[in-house]
Amino acid sequence: MQDFFEIARTDFLATFEGAWMFPLLMAASALILWREKDWVRKLLLGALPLLFLLLYWCPLTGMVFMKLLGENVYWRILWLILLAATVPYSFCLLAGSLRGYARYGVLAAGLLAIGLCGTPLLASTEFQASTNVYKIPQNVVAVCDLLPGNIHALVSNRLMPYIRMYDPTITLEYGRNILVYNGREANGPQAELYLATQSEEIDVSFVAPLAKSEGCTFLVFSNSRTYDGDWEDYGYREYGRTEEFTIFADTDYEEGQDTRKWEE
């Protein structure tokens, strides 16, 4: 039970902390429940956000959702709260009951409140201006420009979310949730490769044979990695290099060869 409340609290604060959007939501819901005459709108815009909050914080329903969705995505329950509809509608509802300059004043106050309660997108640390037509990080483009298509690769975590956006013919040995997915621990060669390649010094004698057996024709690691062993002794050679990454290729690979690994 304590774990549930800790997860729920952490996710809730990550969503609403640092902004006044949550108090504004509570005020908006209360106003809609009080002033709205249409029962459908009262239910959808006034009562439903409060119901979702109740389901979110209730241990019984919360733990059921965590089992179904996974603890790492439980916070997405908060996405079901109709913030984008409830808050603006409450200001429109209030403004509709007024006349003259008071109506315009409420609308102006609403716009100001919504603007001040959020975080400017362009000022966010999560936002980066695109430097290429693919709208993905330039360091990914630099690697993909060197990689051929129709290959199966093991790549650095920093490349993993983007590389198939550039070239979907490239298949990856594992994804971001390789170790734990929906609360289930993963094992097997993919998990072993992931763990082995997270070390600052990669054990080539372990990684290379396992990567070969998994059909990984290309390996891409950060330039900050060091290696215990020589890749050429285990059937890989340096294929290319960018400012941030080093690419190794299977010595048996020939240009134009289709090495994709399709999972059944």
Side-chain angles (χ1 to χ4, degrees), residues 72-73 121-122 124-181 186 188-264:
N72 58 329
V73 296
L121 174 63
L122 297 182
S124 171
T125 56
E126 302 299 324
F127 176 83
Q128 294 181 350
S130 173
T131 56
N132 55 72
V133 294
Y134 301 98
K135 296 181 172 58
I136 57 178
Q138 188 60 39
N139 59 354
V140 179
V141 174
V143 170
C144 290
D145 281 343
L146 295 177
L147 289 175
N150 300 314
I151 62 168
H152 185 65
L154 185 158
V155 303
S156 168
N157 289 345
R158 286 186 288 153
L159 299 172
M160 207 181 299
Y162 307 105
I163 200 163
R164 282 176 50 82
M165 294 171 61
Y166 181 99
D167 187 349
T169 70
I170 298 175
T171 58
L172 302 179
E173 176 63 11
Y174 48 71
R176 289 178 292 173
N177 296 322
I178 180 59
L179 293 185
V180 179
Y181 182 72
Q190 293 177 327
E192 292 176 3
L193 277 172
Y194 176 83
L195 290 172
T197 54
Q198 302 314 299
S199 303
E200 287 297 321
E201 184 174 67
I202 295 175
D203 184 355
V204 177
S205 65
F206 176 81
V207 171
L210 187 54
K212 274 247 187 187
S213 67
E214 284 293 288
C216 299
T217 313
F218 284 81
L219 314 175
V220 185
F221 300 118
S222 170
N223 288 340
S224 64
R225 293 285 191 267
T226 57
Y227 309 106
D228 181 11
D230 190 336
W231 288 103
E232 292 191 3
D233 293 340
Y234 297 92
Y236 285 93
R237 59 183 172 83
E238 184 171 324
Y239 181 85
R241 183 182 291 265
T242 69
E243 290 185 3
E244 298 184 43
F245 299 97
T246 302
I247 303 171
F248 298 95
D250 190 326
T251 53
D252 296 329
Y253 174 76
E254 297 179 2
E255 294 294 337
Q257 177 184 353
D258 190 332
T259 67
R260 290 173 295 181
K261 176 185 178 183
W262 300 105
E263 300 289 349
E264 294 184 358

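All residue numbers refer to positions in the sequence shown, counting from 1.
By the 4.5 Å heavy-atom criterion applied to side chains, Gln138 and Val141 are counted as neighbours. A 4.5 Å side-chain heavy-atom check between Glu214 and Leu193 finds at least one atom pair inside the cut-off. In this structure the side chain of Pro148 reaches within 4.5 angstrom of the side chain of Tyr239, judged on heavy atoms. Between Asn157 and Gln198 the shortest side-chain heavy-atom distance falls below 4.5 Å. Taking 4.5 Å as the limit, every side-chain heavy atom of Gln190 sits out of range of all side-chain heavy atoms of Leu195.
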Could you go through the side-chain contact (heavy atoms from CB on, under 4.5 Å) check for Leu219 and Ile247 one step at a time?
-> CA-CA 6 Å; Leu219 314 175; Ile247 303 171; over 6 Å; no
Derivation of the side-chain contact (heavy atoms from CB on, under 4.5 Å) call for Thr197 and Val207 = CA-CA 7 Å; Thr197 54; Val207 171; 4.1 Å; yes
I would like to know whether Asp228 and Phe206 meet side-chain contact (heavy atoms from CB on, under 4.5 Å); could you show each step before the answer?
-> CA-CA 10 Å; Asp228 181 11; Phe206 176 81; over 6 Å; no
Please test Tyr174 against Tyr194 for ring pair (Phe, Tyr, Trp, His ring centres under 6.0 Å), starting from the C-alpha separation and ending with a verdict.
-> CA-CA 8 Å; Tyr174 48 71; Tyr194 176 83; 5.4 Å; yes
Which is it for Tyr234 and Phe248 under the side-chain contact (heavy atoms from CB on, under 4.5 Å) test, yes or no, and what are the steps along the way?
-> CA-CA 11 Å; Tyr234 297 92; Phe248 298 95; over 6 Å; no
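A salt bridge is absent between Asp230 and Arg237; no separation between the charged side-chain nitrogens and carboxylate oxygens falls under 4.0 Å. Using a 4.0 Å cut-off between charged side-chain N and carboxylate O, Arg225 and Glu201 make no salt bridge.
Of the N and O atoms on the side chains of Glu243 and Asn223, not one donor lies less than 3.5 Å from an acceptor on the other residue. Of the N and O atoms on the side chains of Thr217 and His152, not one donor lies less than 3.5 Å from an acceptor on the other residue. There is a side-chain donor-acceptor pair under 3.5 Å between Tyr166 and Asp145.
Smallest separation of non-hydrogen atoms from Ile163 and Cys144: CG1-SG, 3.4 Å. Pairing each heavy atom of Asp167 with each of Gly149, the nearest pair is OD2-CA, 3.6 Å. In terms of heavy atoms, Ala153 sits closest to Ile170 at CB-CG2, 4.4 Å. For the pair Thr169 and Asn150, the tightest heavy-atom approach, listed with the atom from each and the gap, is OG1-N, 3.0 Å. For Leu172 against Met160, the heavy-atom pair with the smallest separation is CD1-O, 3.8 Å. Residues Tyr236 and Cys216 come closest through the heavy atom pair OH-O, 2.6 Å.
Partners of Arg158 under the side chain to side chain contact (heavy atoms under 4.5 Å, CB included) rule, at least two apart in sequence or in another chain, are Asn139, Ser156, Ser222, Glu244, Phe245. When the salt bridge (charged side-chain N to carboxylate O under 4.0 Å, His left out) test is applied to Glu238, the partners found at least two apart in sequence or on another chain are Arg241.
Note that CG of Asp250 and CD1 of Ile151 are 11.0 Å apart. Values are rounded to the nearest 0.5 Å. With values rounded to the nearest 0.5 angstrom, Phe221 atom CZ is found 6.0 Å from Tyr227 atom OH. Atoms CD and OG1, on Glu232 and Thr251 in that order, are 8.5 Å from each other to the nearest 0.5 Å.
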